[in-house]
Amino acid sequence: MTVLLQIRNAHKRYGDQVLLEDAECTLTGTTKVGFIGRNGAGKSTLLKCILGDDELDSGEIIRHPRLKIGYLRQHDPFLPGETALDFLMRDSGQPDWKCGEVAGEFEIKGRLLETPLQGLSGGWQTRVKLSALLLHEPNLLLLDEPTNFLDLRTQILLEHFLRSFQEACLIVSHDRAFLNATCESTLDLSFGELTLFPGKVDEYLEYQRGLKEHDERTNAAIAAKRKQLQDFIDRNRARASTATRAKSKSKMLERLELKENAGGQSNAAIRAPQVEPRQGPALRTRELAIGYPDRTIASDVGLEIDHGTRAAIVGDNGQGKTTLLRTLVGSLKPIQGDVKWGYGCELGTYAQHVYSSLPEHKTVIEYLEYEAISGTKNQTILDMAGAMLFRGEAINKKIRVLSGGERARLCMASLLLGQANILILDEPGNHLDVETVEALADALNDYKGTVIFTSHDRHFLKRVATSYIEVRDGKVTQYRGDYDAYMYMVQKEIDDAESSRNANKPDRGKSNRGKSDQGSKPNQGKPGQSSGPGKGNASKQTAFAGGLDERTMRKQIGNLEKTIARLDQQKKELHQQLMETSDADTAVRLHEELTKVGAELEDAETRWAELQEQLES
């Protein structure tokens, strides 16, 4: 497979912080890689080095001569008054029909194409940027936290785009559901080292947990042996008759060293406020209308949330989730109706408008000590600060010099050290890494109080929420259905829209992206869903491209499906062996075999998709 990018002997540091130390990685072919690591580990810095916006201290990044990188820009690339169509034509140099066709894959059509971009929400603007990326036909996409602030439907559209995109991707994200849906490999940056794992992020984290447990058991055995040897040495080194044996045992003791950084980094220490469980309604709204003086967002809102509930407010961007949340906590007045909190409810709020109200003159540690419940141990405060990446000298930083992300994490830390029995959280995971989001989910599941929150992170929603409140089209609907049912509804709407769009897509000007349209075809999800032998007019002898008739093509498809099933099973077995082995040489061999089988599987699936596309056309 073509090597698109190779990182060799990379070193990079900022002051005393080591970001890369003899790091190595190779990106090949059409592999989609999820890039994870703790906040501050250096992921964004490495992306800048790949783009040429920053330089390594030493080492090299080798790029294939035909490498064409597409980068999802975080800044605003639009001109004043520019419409989506204007921008796409200016940015790509492509004709209007081609820009409209690609934009349609992200549901940007009709009046949206002619709307000035400054009038669109951040989610729609991101869709326009993604359309621009696609029009440039890159063979490596670099996406840095692409799902931040994207609503659920835009996330799913992005997933569809990435699955149909037949080139390589390197995606930085803390959203496990998104990474699992789009990436077949995982790249981890920890302690300056890059580790490329041939599996999805859930598989990698499970593998890491296995390594950690293995190392902890090994360390426990080593510690017990060290204690036994030390006891023997202490008892026998003073006696002449046993001094020689004691000296021998001392040498054995020196050789017994504990494994450092067992299984990677320690988990974030997060504990939710310790509160007494309560019964009955925590919140009731009656004939509530929310919005602003010039615009009503939703009316006739009737909610009832019981104590102990973890209610997720869901819906597309711009529908009013944050407006509802601000109305519930009283930072925005209702247009009409009432918001009634139960007796003894003490609210703790984590939202964007709170970040800017922190006391500028205090240090991080002073603020946390002030906000923590009286009697909280100093180590508990330091643990919480550390979980939110305030370690070492960072705890003495003044709030006035903190970035927006740092202020958000400080606000979260103070809230979790407090005594609120109602937590109101607006996108709590946006500034946290994968491990910290997982630790926060654990803490909220253990919390005895009530949680009302917004989030677009499906893994987090599924783990935490016990009920759902949807804000959509001027209405607020509360239901206690399973989140999978809500996801099914959203997914079906998108699938129906894509099927309709693909059915009406004109033949002219077919995209030069080659295979990248194949993933959007309704029956092209995976082998076994084809219209194989026995469906349609199987006896028809039509000549297809490449000189193959229909019967021959169907036979090849059937053989490929058997090959794919065999390779897929082989890949699973090799992966399981890799997960279970603790021998380094065996792990290297299994990794090489897994990479080879993965490449063969990818080639077979690509050929299967090509034949399917020829049949369907």
Side-chain angles (χ1 to χ4, degrees), residues 5-27 33-63 69 71-75 140 142-146 148 170-174 186-196 260-261 264-269 355 358 360 363-365 367-368 382-413 429-437:
L5 188 79
Q6 192 170 19
I7 301 167
R8 298 167 98 183
N9 305 318
H11 291 260
K12 182 73 174 177
R13 66 166 59 220
Y14 280 126
D16 295 334
Q17 185 182 9
V18 176
L19 300 180
L20 299 170
E21 186 171 23
D22 200 24
E24 301 207 352
C25 177
T26 300
L27 298 181
V33 180
F35 192 8
I36 65 172
R38 290 287 172 91
N39 284 342
K43 301 185 298 298
S44 295
T45 298
L46 181 57
L47 291 192
K48 290 178 182 177
C49 292
I50 292 173
L51 288 165
D53 295 338
D54 201 346
E55 294 182 351
L56 298 173
D57 296 338
S58 63
E60 57 183 339
I61 298 177
I62 303 170
R63 301 168 179 85
I69 294 177
Y71 179 61
L72 182 62
R73 291 165 285 193
Q74 301 298 322
H75 68 278
L140 174 62
L142 300 183
L143 306 181
D144 192 359
E145 297 290 2
N148 270 5
L170 182 61
I171 304 171
V172 177
S173 180
H174 63 266
T186 303
L187 181 65
D188 179 39
L189 176 56
S190 298
F191 302 109
E193 295 183 2
L194 288 169
T195 302
L196 185 59
E260 294 184 4
N261 305 319
Q265 303 175 78
S266 59
N267 294 329
Y355 307 163
L358 299 174
E360 302 278 319
T363 65
V364 168
I365 190 65
Y367 178 69
L368 293 180
L382 291 174
D383 286 344
M384 183 64 75
M388 297 300 162
L389 299 182
F390 296 106
R391 306 184 183 109
E393 285 303 310
I395 64 173
N396 295 316
K397 291 171 72 172
K398 293 283 188 181
I399 290 176
R400 63 171 173 266
V401 304
L402 298 182
S403 67
E406 288 174 324
R407 286 173 180 248
R409 295 198 301 271
L410 179 61
C411 182
M412 176 64 76
N430 269 347
H431 300 282
L432 307 178
D433 53 44
V434 171
E435 292 85 356
T436 309
V437 169

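Being a predicted model, the structure only gives us computed values, none of them experimental.
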Next on the checklist: side-chain contact (heavy atoms from CB on, under 4.5 Å) for Leu189 and Leu20? Distances and angles first, verdict last.
Outcome noted: CA-CA 8 Å; Leu189 176 56; Leu20 299 170; 3.7 Å; yes
Item to check | Contact check, side chains of Leu194 and Ile7, non-hydrogen atoms, under 4.5 Å | outcome: yes
Checklist outcome for this item: Tightest non-hydrogen contact, residues Leu196 and Thr26, listed as CD2-O, 3.6 Å
Next on the checklist: Quick check: do Phe35 and Asp188 have side-chain heavy atoms less than 4.5 Å from each other?
Outcome noted: no
Checklist entry - Taking side chain as C-beta onward, heavy atoms only, is Leu402 less than 4.5 Å from Lys397? => result yes
Checklist entry - With side chains defined as the heavy atoms from C-beta onward, is the minimum distance between Leu143 and Val172 less than 4.5 Å? => result no
Item to check | side-chain contact (heavy atoms from CB on, under 4.5 Å) between Asp54 and Thr45, worked out | outcome: CA-CA 7 Å; Asp54 201 346; Thr45 298; 4.0 Å; yes
Checklist entry - At their closest point, which heavy atom of Leu142 faces which heavy atom of Tyr71, and how far apart are they? => result O-CD1, 3.3 Å
Checklist entry - What do you reckon, is CD of Glu60 surrounded by more than 12 foreign heavy atoms closer than 6.0 Å? => result yes
Checklist entry - Under 3.5 Å, is there a donor-acceptor pair between the side chain of Lys12 and the main chain of Glu55? => result yes
Checklist outcome for this item: Note: Arg63 and Ile61 closest approach over all heavy atoms is NH1-O, 3.3 Å
Checklist entry - If we only count heavy atoms from C-beta on, is the Leu47 to Leu170 side-chain gap below 4.5 Å? => result yes
Item to check | Non-hydrogen side-chain atoms of Thr195 and Ser190 separated by less than 4.5 Å | outcome: no
Checklist entry - Can Leu410 and Leu368 be said to form a side-chain contact (heavy atoms from CB on, under 4.5 Å), step by step? => result CA-CA 8 Å; Leu410 179 61; Leu368 293 180; 3.6 Å; yes
Checklist entry - Less than 4.5 Å apart, any side-chain heavy atom of Thr436 and any of Leu389? => result no
Checklist entry - Do Ile171 and Pro146 have side chains that get closer than 4.5 Å, going by heavy atoms? => result yes
Item to check | Minimum heavy-atom distance Phe390-Glu406, with the two atoms named | outcome: CZ-O, 3.3 Å
Next on the checklist: When you measure from the side chain of Arg13 to the backbone of Leu19, do you find a donor-acceptor pair of N or O atoms at a distance under 3.5 Å?
Outcome noted: no
Item to check | Verdict with supporting geometry, Arg407 and Glu360, salt bridge (Lys or Arg N to Asp or Glu O under 4.0 Å) | outcome: CA-CA 10 Å; Arg407 286 173 180 248; Glu360 302 278 319; 3.0 Å; yes
Checklist outcome for this item: CE (Met412) and CE (Met384) are apart, to the nearest 0.5 Å, by 9.5 Å
Checklist entry - Any side-chain donor paired with an acceptor under 3.5 Å for Glu21 and His11? => result no
Checklist outcome for this item: Interatomic distance, CG@Asp383 vs CZ@Arg391, rounded to 0.5 Å, equals 10.5 Å
Next on the checklist: Please give me the minimum heavy-atom distance between Ala385 and Ile395, naming the atom from each residue.
Outcome noted: CB-CG2, 4.3 Å
Item to check | Side chains of Thr363 and Asn396, donor plus acceptor under 3.5 Å | outcome: no
Checklist outcome for this item: Of all heavy-atom pairs linking Ala23 and Gly192, the shortest is CB-O, 3.6 Å
Checklist entry - Can you list the steps and then say if Asp144 with Lys43 is a salt bridge (Lys or Arg N to Asp or Glu O under 4.0 Å)? => result CA-CA 9 Å; Asp144 192 359; Lys43 301 185 298 298; over 6 Å; no
